[in-house]
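Structure, as structure tokens:
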Amino acid sequence: MIKIAPSILSADFANLQRDVELVDRAGVDALHIDIMDGQFVPNLSFGMSMVAALRPVTSLPLDCHLMIVEPERFVQQFAQAGADLIGVHVESTHHIYHVLQLIRQAGAKAEVVVNPGTPISQIVDLLPLVDQVLVMTVNPGFGGQHFLTPMLKKIQALEQLKQQGGYDFDIEVDGGINEKTAKLCYDAGATVAVAGSYIYDSPEPEQRIQDLKVATN
């Protein structure tokens, strides 16, 4: 069964604690927090203050996806705010190896993220350093996009490298996730699915979470 990390980017910001507690009760595995700076991606969202505000509200792991330029500038602050896992794009910094080391040194789990146009070959040397790899299955920056089917081959290639190297990192997917695409990703090797609009745009978000679990059981 795939682990589920709802993206709060699609939650009701005026009732965020309610929406967090709702998915927590439904049995999700983490909360996905999209951090966007308006430069790396053409959108703005949250900062470390949002992470700090959520930390006392839930015991769920906080999975912070940094879509920002030079994430090394903020790794320590996000860890101190309560991030359990910090994801950084290989495309966002000239010093990705060092950034992953900084995340570990700050006491958080380290994740490397790859955009749809980035080949897995660019992160092969990083795999021994990471706790999770996030394969973007849409272009980053906005919710509600359609799943990019060619990314399944990337997930399969990553799963093969994982087996060959004896690694135990999770493979997370983000973008266009519903019960059908979650099943495709799970079968390809994904272990964690980020779902935003699929869950929070539904009048019955708890049922959507159960649908994801059933589809990947």
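Nothing fancy with the numbering, it's 1 onward along the sequence. Being a predicted model, the structure only gives us computed values, none of them experimental.
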Less than 4.5 Å apart, any side-chain heavy atom of F74 and any of I86? no
pair D63-E111: side-chain heavy atoms closer than 4.5 Å: yes
Ignoring hydrogens and geometry, is there a side-chain-to-backbone donor-acceptor pair from D29 to I4 under 3.5 Å? yes
Donor-acceptor pairs are to be reported for all side-chain atoms of residues 140-151 against protein atoms at under 3.5 Å, with residues two or more places apart or in another chain.
unit_1	atom_1	unit_2	atom_2	d
Q145	NE2	N139	O	2.6
Q145	NE2	F142	O	3.0

Check for a donor-acceptor pair, side chain of D37 on one end and backbone N or O of Q39 on the other, with a separation under 3.5 Å. yes
Supply the members, apart from V192, of the Ile/Leu/Val/Met/Phe/Trp/Tyr cluster built from side-chain contacts under 4.5 Å; use none for a lone residue. none
When you look at OH of Y167, are more than 12 heavy atoms from neighbouring residues, nucleotides or ligands closer to it than 6.0 Å? yes
I would like to know whether Q210 and E206 meet side-chain hydrogen bond (donor to acceptor under 3.5 Å, both in side chains); could you show each step before the answer? CA-CA 6 Å; Q210 295 308 311; E206 302 98 327; over 6 Å; no
Evaluation steps, ring pair (Phe, Tyr, Trp, His ring centres under 6.0 Å), between F46 and F13: CA-CA 11 Å; F46 316 117; F13 296 163; 5.4 Å; yes
Is the shortest side-chain heavy-atom distance between L31 and V23 below 4.5 Å? yes
Under 4.5 Å side-chain linkage, directly or through intermediates, the cluster mates of M136: V113, L134, V138
Please walk me through it: do T118 and E91 pass side-chain hydrogen bond (donor to acceptor under 3.5 Å, both in side chains)? CA-CA 8 Å; T118 301; E91 308 91 355; 2.5 Å; yes
Do T181 side-chain atoms and N178 backbone N/O form a donor-acceptor pair below 3.5 Å? yes
Under 4.5 Å side-chain linkage, directly or through intermediates, the cluster mates of L85: none
Using atom types as modelled and distance alone, determine if a side-chain donor or acceptor of K162 lies under 3.5 Å from a backbone N or O of F169. yes
Taking distance alone, no hydrogens or angles, what donor-acceptor pairs closer than 3.5 Å link side-chain atoms of residues 64-71 to residues at least two apart or in another chain?
unit_1	atom_1	unit_2	atom_2	d
H65	ND1	H32	NE2	3.4
H65	ND1	D34	OD1	3.2
H65	NE2	H89	NE2	2.8

Of all pairs that satisfy ring-ring contact (aromatic ring centres under 6.0 Å, His included), the ones with a partner from residues 183-209, not counting sequence neighbours: none
Using a cut-off of 6.0 Å, state whether more than 12 heavy atoms not belonging to K213 lie near its atom NZ. yes
Check the pair Q160, Q156 against side-chain hydrogen bond (donor to acceptor under 3.5 Å, both in side chains), reporting the backbone distance first and the verdict last. CA-CA 6 Å; Q160 187 173 15; Q156 291 169 343; over 6 Å; no
Should the pair R104-D131 be classified as a salt bridge under the 4.0 Å nitrogen-to-oxygen rule? yes
Between T137, T216, L152, V173, which is the residue that forms a side chain to side chain contact (heavy atoms under 4.5 Å, CB included) with L184? L152
Salt bridge (Lys or Arg N to Asp or Glu O under 4.0 Å) evaluation trace for R55 with D84: CA-CA 10 Å; R55 184 65 288 169; D84 295 286; 2.6 Å; yes
